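Please read the structure below before turning to the comments.
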There are 2 protein chains.
Amino acid sequence: MNEVEQTIIDAAIKLFSEKGYAATSIRDISKEVNMKSASLYHYIESKKDLLDLIMKRYLTELVEGAKQTLNDLPVDEPETELKNLIKFHVESHGKEKLAALVVDTEYRSLEGESREEIRQLRKNYEKLWQEVLERGKRKGVFDFKDAKITSFALIGLCTGVAHWYRDEGALSLHEIAEQYATLGLKMVRPH
Amino acid sequence: MNEVEQTIIDAAIKLFSEKGYAATSIRDISKEVNMKSASLYHYIESKKDLLDLIMKRYLTELVEGAKQTLNDLPVDEPETELKNLIKFHVESHGKEKLAALVVDTEYRSLEGESREEIRQLRKNYEKLWQEVLERGKRKGVFDFKDAKITSFALIGLCTGVAHWYRDEGALSLHEIAEQYATLGLKMVRPH
DNA sequence: GTCTATACGTCGATAGAC
DNA sequence: GTCTATCGACGTATAGAC
């Protein structure tokens, strides 16, 4: 992956997140990187390929990062695990806000194998959360009815951050992540 | 609004929610309603108009429904208010899932006045939630740091339902709404 | 009200000069 | 590696017959 390729990918992420994949033309992207559209094809195979690459790369980073987060933690502390899972997700969605928006909104633009691949990555990610929730429930530190619904609820909650977070906002990303961790933990704690 | 117009709107909602506004052509919509694309223009002014109408109508329904929900409740019970706000939002997003998806994902496809109008409607809706939250905090039945962030978190949580809910699923929409109300209330209750 | 025909712009992608 | 030129398909929208 050389420098020019990365510039093209960044331009695509910016435009896809602003206008959507379908509404962004290859000519739009080429203008953004000060090239003619024909030149882009020296670096990419197709517009579809560009989306596939972005979705796959960012979602893989999210899944691997979450796995690593859990691995770095002491065993058998589901509350700590959930707290850090939330913080990692929120911070990741704030730092890579534009890519996160693309991943969250362009699943429907994928076709065939790519779509299936992304679907699997998502499922793996949800499973990570569900396992933490189930461990906490067995241990008695969490209380909820359905692990799947609760995982959707928690992930949806954290994903929402990418839709409103701004670097210039009053609260730092770290503070927001802390608040979300508090909110999320309260959601599943017995009372 | 006659029958044919409603059929066209329903077809547009279906296709916009599946493929997105930009990826849906007037010809796609006309095929869905067994017409030629030129005939559609007897009922609509433009493709853009169709989106404006869908976004405005559904979001207005949501805001008005939420206001009505609050009006029907006893005064000075913020917990009851939040519970019913959550249930109304979740049930509305389940019942009109496709329209909800369009509203949630196609804001970026709006331009000019329409965009501003929808932005205002959204703001009004968020304000409803924030007022309930503030009242609860003053009364001491809610505990959270920032009303704006908490309202975003709660609304984002409930909106997520439209992304995974299915009529054929194991849980009824009513049950899901109840679970979400429980989760949401736990999020903001002092412990 | 619904159609056929079509205007005219933009799309993704390619050929081939430099 | 970047360009100009261009292809054929498809986009929204309109004109005008019936």
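A note on names: the letters A, B, ... follow the listed sequences, proteins ahead of strands, and every chain is numbered from 1. Keep in mind that what you see is a predicted model, and the values were worked out from it rather than measured.
Dashed line: the shortest gap from a side-chain N or O of Ser25(A) to OP1 or OP2 of dT10(C) is not under 4.0 Å.
Atom CD1 in Ile8(A) sits about 11 Å away from atom C1' in dG1(D), given to the nearest Å. In this structure, NZ of Lys47(B) is placed 15 Å from P of dC10(D), rounded to the nearest angstrom. Between the P atom of dG11(D) and the CG atom of Asp28(B) lies a distance of 7 Å, rounded to the nearest Å. Atom-to-atom, CD1 of Ile44(A) to P of dG12(C) comes out at 10 Å; the value is rounded to the nearest Å. Atoms CG (Leu40(B)) and C1' (dG1(C)) sit 12 Å apart, rounded to a whole Å. Rounded to whole Å, atom P of dA13(C) lies 4 Å from atom OH of Tyr41(A).
The ring-ring contact (aromatic ring centres under 6.0 Å, His included) test applied to Tyr180(A) returns no partner, not counting sequence neighbours. Scanning for side chain to side chain contact (heavy atoms under 4.5 Å, CB included) contacts around Glu117(B) gives Lys56(B), with sequence neighbours left out. Residues forming a side chain to side chain contact (heavy atoms under 4.5 Å, CB included) with Glu111(B) (at least two apart in sequence, or on another chain): Lys48(B).
Under the 4.5 Å side-chain criterion, counting only non-hydrogen atoms from C-beta, Asp10(B) is not in contact with Leu98(B). In this structure the side chain of Ile26(B) reaches within 4.5 angstrom of the side chain of Ile44(B), judged on heavy atoms. Side-chain contact between His89(A) and Leu154(A) is absent, with no heavy atoms from C-beta onward closer than 4.5 Å.
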So which protein N/O to nucleotides 2-9 of chain D N/O distances come out below 3.5 Å?
| residue | atom | partner | partner atom | Å |
| --- | --- | --- | --- | --- |
| dT2(D) | OP2 | Tyr43(A) | OH | 2.6 |
| dC3(D) | OP2 | Lys36(A) | N | 2.8 |
| dC3(D) | OP2 | Ser39(A) | OG | 2.8 |

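Judged purely by atom type and a 3.5 angstrom limit, Lys47(A) uses its side chain to pair as donor or acceptor with the backbone of Thr24(A).
Using a 4.0 Å cutoff on non-hydrogen atoms, the parts of residues 11-24 of chain B near DNA chain D are Thr24(B), ordered by number.
Listed by first then second residue, pairs satisfying ring-ring contact (aromatic ring centres under 6.0 Å, His included) with a partner in residues 4-46 of chain A read Phe16(A)-Tyr21(A), not counting sequence neighbours.
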